[in-house]
Amino acid sequence: MTAGAVVLGTSGDGLGYARLDADGAIVEHGTIVDGDLARFVAETGAARWIWSDTAHWYPRLLAAGVRVARCRDLRLCHAILRDSAFVGAPTEIRAATSWDAAGEQEVDAAAPALFALSGESGPRGVPHDLDAAVAEEVRQRTAVRSSAEHGRLELLCAAESAGALIAAEMRAAGLPWDVAEHERILEETLGSRPPAGGLPARMAMLAGEIRTHLGDAQATLDAPAKLLRSLHRVGVPAQSTSKWELSRYEHPVIAPLLQYKRLSRLLTANGWAWLDEWVSDGRFRPVYVPAGVVTGRWASSGGGALQIPRMLRQAVRADEGWTFVVADVAQLEPRVLAGMSNDLALARAAQGRDLYAGIVDSGTVATRAEAKVAMLGAMYGATTGESGRLVPRLRRAYPRAMKLVDDAARTGEQGGVVSTWLGRSCPAPSTRWARAQRQAAGETGTAVERDRARREAGDRGRFTRNFIVQGTAAEWALAWLGEVRSRLAALDAVPTSEQAPRSGSGLGTRPHLAFFLHDELIVHTPLRHAEAAATIVREAAASAGRLLFGGFPIDFPLDLKVADTAAKD
DNA sequence: GGAACTAGCGCG
DNA sequence: AAAGCGCGCTAGTTCC
C-alpha cells in the first residue's frame with residue numbers, strides 16, 4: 001500500500017513536504033529536518049513523490065542509495081498537458097508560466113551544479129519551491145479530470161514520470177563497458193593509438209593512398225568542399241562526398257576513400273578520446289533526456305548514447321557473475337499502427353514473429369524487402385521510388401491503418417494538430433509557416449513562394465504522419481520499460497558476494513535496467529536472476545500491449561537473448 | 001576567438 | 001541506390 005501523494009519542494013531556507021488527499025487538498029505539511037531529503041524519503045516509504053523535475057531531485061536521492069517506486073514529474077507532465085488536444089476547454093494549464101522552462105540537464109551527483117544544490121531554480125528553469133509544486137499538481141489534476149480522455153492522459157503522465165526515474169537510474173547505474181575490448185577493436189580497425197594530433201597507422205596509410213590517386217600529396221580529405229574539388233580534378237563528377245554518392249563511381253580513389261571515411265568516423269565519434277571522456281570505472285554513463293524528442297522519444301546529451309555503433313556493441317560487457325538480457329521489439333511502429341487504427345488485417349499479418357513476412361503471406365507484395373520498404377514509406381510519407389510505388393498496395397490491403405496515417409498527413413498539411421494514442425500532441429505550425437500557407441492559398445505571392453509553401457505543407461504532412469506512429473511507439477516503450485522496472489525491483493536482492501558495486505546507488509543488488517534505445521532495452525542481471533529477468537522483459541511487453549490497446553489482438557514479439565555482451569549477430 | 005552554420009554519418 | 005520520419009555529435013567553414 002502506498003502512503004499517498006507527497007509533494008516535495010524548497011520551503012523557506014530549507015526543504016518541505018505536503019501530503020495531498022485524492023482531491024489535491026493538503027492534509028499534512030511540514031519541513032524536512034536538516035534538509036535531509038534522502039532520510040525523509042527513505043523513512044516515509046512508499047508514496048507517489050511529486051516534484052518539479054526528476055533530474056533535479058532524484059540524482060541526490062540515488063547518490064544516497066535511496067530509490068523511489070513512483071513519482072510525478074511536474075515539468076514533463078506539464079509539457080504534455082499544456083499541448084494536449086485531449087485537454088479541452090481553456091484551462092489554467094495552457095497559460096504561459098515558468099513551468100514551460102526546459103529541464104535541468106545532468107546533475108552530476110558527485111559534483112552538482114551550484115544552482116542544482118542551492119534549491120533555487122536554475123536560469124530559466126522550472127520552480128522548485130513547494131508552493132509552486134502543489135499549485136501545479138492541482139492544475140494538472142484539474143486538466144486531466146476535465147478531459148474526456150482522462151484515462152489515457154493519466155496513463156501517459158504516469159509512464160512519462162516512470163521514464164524520468166528510469167533515465168536517472170540508468171545514468172547512476174551506467175552501461176557496463178569493457179575498455180580493453182573497445183581498445184582492441186580500435187587498434188584492430190584503426191591501428192595503434194597515435195600520439196596526440198596524429199592519425200592512427202591504418203588511416204595514415206589510407207590517406208597516402210588516396211592522395212596518390214588524387215595526384216595531390218597535400219590534398220585535404222576532411223573538408224567536403226575541398227575534397228569534392230580534388231575529386232573533380234581526377235574525373236569523379238560527384239555532387240557530394242557522401243558515401244552513397246561516392247560509391248556510385250568507379251575510380252581507384254573511391255574504395256580507399258570510403259574506407260578512410262569509415263575509420264575517420266570511428267576515430268572521431270567513438271575513438272580513444274571518447275573512451276577517456278565518457279567511460280570511467282567500467283561504466284558508460286550518458287545523460288538520457290526523457291521526451292527530448294518532439295514525438296516523446298528520449299534524446300541523450302553527451303557521449304552519443306543513442307548512436308553507439310554496432311561494431312562497438314561487443315564492448316558492452318556484463319560484470320563478472322552477471323549477464324545481460326538484451327531485447328528489442330520486432331517492427332514496433334507498424335504494430336502500434338495496427339493497434340491505433342483497429343486494423344485487424346494488419347494485426348493478423350503481425351501475428352507471430354515477422355510482420356513483413358505476414359504482409360508477404362497475405363499476397364500484398366512479393367518479398368519481405370518490398371513489404372518493409374512499403375511500410376516504412378507509408379509511415380514516413382514516401383512519394384517516389386520503389387517505396388512510393390508500393391504504398392498503394394498497402395492502402396488496398398490495410399485501408400484502416402493507411403487511412404489513419406494519411407489523415408494525419410492531411411491534418412498536418414492543413415496546419416492542424418495531431419495526437420498520439422495516449423494524447424501527446426504535436427506542436428502547432430509556426431506563424432511563419434501559417435502565413436506562407438495563407439499567402440499561397442490567396443495566390444498573392446510569387447510562383448517561387450507558392451512552390452515553397454507547397455513543399456513546406458508536404459514537409460509538415462510527413463511530420464504529422466510520422467508523429468502519431470513514432471510517438472505512440474514511444475508510449476508503448478515507456479509502458480514496457482516501466483513495467484520491467486517495477487517487476488525487477490521486486491526480485492530478491494542477491495548476497496553481497498554477488499553484487500555489482502559499480503552499478504551505483506545500490507542498484508547493483510538486483511537486476512537493473514542498463515540501457516534503452518527507442519525499442520530496445522538491456523537489463524544487467526546477476527546470473528541467478530537471468531531467467532527471471534528475461535521472463536519479466538517478455539511479460540512486460542505483453543502487458544504494455546494490453547495497457548495501450550486492451551484486448552485488441554496485436555502482439556509485440558521480442559528478439560531476446562541472454563548474453564554477456566550486447567553484440568548483434 | 002567564439003557563435004552559428006553546414007556536411008556527413010551514426011542510431012532507431 | 002535513395003527515398004520518406006526523428007535525433008546527436010564532430011569537424012570544418014563562415015561570420016561577427
Side-chain angles (χ1 to χ4, degrees), chain A residues 105 197 220-228 238-249 257-258 260-271 273-274 277-278 286-313 328-334 336-337 369-370 372-391 394 405 408-409 412 418 420 424 426-427 455 458-474 476-477 515-521 559 566 568:
Chain A
Q105 295 237 326
T220 302
L221 307 184
D222 302 316
K226 291 178 181 170
L227 178 59
L228 207 54
Q239 298 298 302
S240 86
T241 63
S242 75
K243 63 179 178 183
W244 292 117
E245 166 106 20
L246 291 181
S247 59
R248 293 165 52 187
Y249 296 96
L257 183 53
L258 291 177
Y260 176 88
K261 287 165 72 77
R262 212 173 65 85
L263 302 195
S264 173
R265 168 76 192 184
L266 177 63
L267 173 68
T268 56
N270 295 100
W274 182 90
E277 184 172 357
W278 291 103
V287 176
Y288 296 93
V289 185
V293 178
V294 65
T295 57
R297 272 187 175 181
W298 287 15
S300 70
S301 168
L306 275 42
Q307 305 142 255
I308 298 170
R310 289 175 86 94
M311 66 181 301
L312 284 183
R313 291 183 56 119
D328 66 66
V329 197
Q331 306 104 28
L332 175 56
E333 292 188 352
V336 150
L337 174 57
E370 283 185 343
K372 182 172 180 175
V373 81
M375 186 54 77
L376 290 177
M379 295 188 301
Y380 292 167
T383 54
T384 62
E386 188 191 7
S387 183
R389 230 175 25 252
L390 290 169
V391 170
L394 291 188
V405 286
V418 297
T420 60
R424 191 187 309 266
C426 75
R455 184 172 45 75
D459 288 348
R460 184 167 157 81
R462 286 189 301 279
F463 165 65
T464 52
R465 170 190 293 274
N466 186 247
F467 181 93
I468 59 169
V469 180
Q470 187 184 122
T472 302
W476 183 94
F515 190 68
F516 168 57
L517 179 55
H518 307 321
D519 63 357
E520 171 187 4
L521 62 76
D559 287 325
K568 295 228 171 174

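Every heavy atom of this structure was used, including side-chain atoms; hydrogens, water molecules and symmetry mates were not. Sequence lines set the chain letters: A, B, ... in the order given, protein chains first and strands last, and positions in each chain run from 1.
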Rounded to whole angstrom units, what separation is found between the CE atom of A:M379 and the C1' atom of C:dA3?
14 Å
Do any N or O atoms from the side chain of A:T464 and from the backbone of A:G461 form a donor-acceptor pair under 3.5 angstrom?
yes
Looking for any heavy atom pair under 4.0 Å, which part of the strands does A:T268 touch: base, sugar-phosphate only, or nothing?
sugar-phosphate
Closer to the 5' end of DNA chain C via nearest nucleotide, is it A:R265 or A:G385?
A:G385
For the residue pair A:D328 and A:K568, establish whether any side-chain heavy-atom pair is separated by less than 4.5 Å.
yes
Candidate nucleotides C:dG4, C:dG8, B:dA7, ranked by approach to the side chain of A:Y380 - the nearest
C:dG4
Could you state the CG-C1' distance from A:D459 to C:dG4, rounded to the nearest angstrom?
11 Å
Specify the separation, in whole Å, of atom CG of A:L517 and atom P of C:dG6.
17 Å
Would you please test A:R297 and A:E333 for salt bridge (Lys or Arg N to Asp or Glu O under 4.0 Å) and show each step?
CA-CA 13 Å; A:R297 272 187 175 181; A:E333 292 188 352; 3.5 Å; yes
Looking at A:T383, I'd like to know whether one of its side-chain N or O atoms comes within less than 4.0 Å of OP1 or OP2 on C:dG4.
yes
Please state how far atom CG in A:L521 lies from atom P in B:dG12, giving the value in whole angstrom units.
14 Å
So what does A:V469 hit on the nucleic acid, given a heavy-atom distance under 4.0 Å: a base, only sugar-phosphate, or nothing?
nothing
NZ (A:K261) with more than 12 external heavy atoms under 6.0 Å
yes
Begin with the C-alpha distance, continue with both residues' side-chain angles, and end with the deciding distance and a verdict on side-chain contact (heavy atoms from CB on, under 4.5 Å) for A:L257 and A:T241.
CA-CA 10 Å; A:L257 183 53; A:T241 63; over 6 Å; no
The side chain of A:R248 lies closest to which of these nucleotides: C:dA11, C:dG6, C:dA1?
C:dA1
Which nucleotide in the set C:dA1, C:dG6, C:dG12 lies at the smallest distance from any side-chain heavy atom of A:V294?
C:dG6
Taking CZ from A:R262 and P from C:dT10, how many angstroms apart are they, rounded to a whole number?
20 Å
Take the protein atom CZ of A:R460 and the nucleotide atom P of C:dC5, then report the distance between them rounded to whole Å.
14 Å
Given C:dG12, C:dT13, C:dG6, identify the nucleotide with an atom nearest to the side chain of A:K226.
C:dT13
Would you indicate what A:G388 reaches in the nucleic acid, counting non-hydrogen atoms under 4.0 angstrom: base, sugar-phosphate, or nothing?
nothing
Determine the contact category for A:T220: base if any of its heavy atoms lies under 4.0 Å from a base atom, sugar-phosphate if only primed atoms, P, OP1 or OP2 are that close, otherwise nothing.
nothing
Using side-chain heavy atoms (C-beta onward) and a distance below 4.5 Å, is A:D222 in contact with A:Y260?
yes
Between B:dG12 atom C1' and A:R310 atom CZ, what is the distance in whole Å?
11 Å
Is the shortest side-chain N/O distance from A:T384 to OP1 or OP2 of C:dA2 below 4.0 Å?
no
Please determine, for the side chain of A:R462, which listed nucleotide (B:dG8, C:dC5, C:dA2) has the closest atom?
C:dC5
Consider the side chain of A:T241, meaning its heavy atoms from C-beta on, and name the nucleotide among C:dA1, B:dG8, C:dC5 that approaches it most closely.
B:dG8
Distance, rounded to the nearest Å, where A:E333 contributes CD and C:dG6 contributes C1':
9 Å
Just to confirm, is there a sub-4.0 Å distance from OP1 or OP2 of B:dG8 to any side-chain nitrogen or oxygen of A:K261?
no
Give A:I308 one of three labels, base, sugar-phosphate or nothing, depending on what nucleic acid heavy atoms sit under 4.0 Å from its own.
sugar-phosphate
Re B:dA7: Watson-Crick or G-U wobble partner, both distances kept under 3.5 Å, found to be C:dT10
Does A:K243 make a side-chain N or O approach to OP1 or OP2 of C:dA1 shorter than 4.0 Å?
no
So, does A:W298 use its side chain to make a donor-acceptor pair with the main chain of A:G292 at under 3.5 Å?
no
With a non-hydrogen cut-off below 4.0 angstrom, is A:E245 in contact with a base, only sugar-phosphate, or nothing?
sugar-phosphate
C:dA3 phosphate, OP1 or OP2, under 4.0 Å from A:K372 side-chain N/O:
no
Which nucleotide wins on minimum distance to the side chain of A:P309, given the candidates C:dG6, B:dG8, B:dC11?
B:dC11
Upstream residue (5' side of DNA chain C) when A:S242 and A:Q307 are each assigned their closest nucleotide
A:S242
I'd like to know if A:R465 reaches the base of C:dG4 with its side chain such that a donor and an acceptor end up less than 3.5 angstrom apart.
no
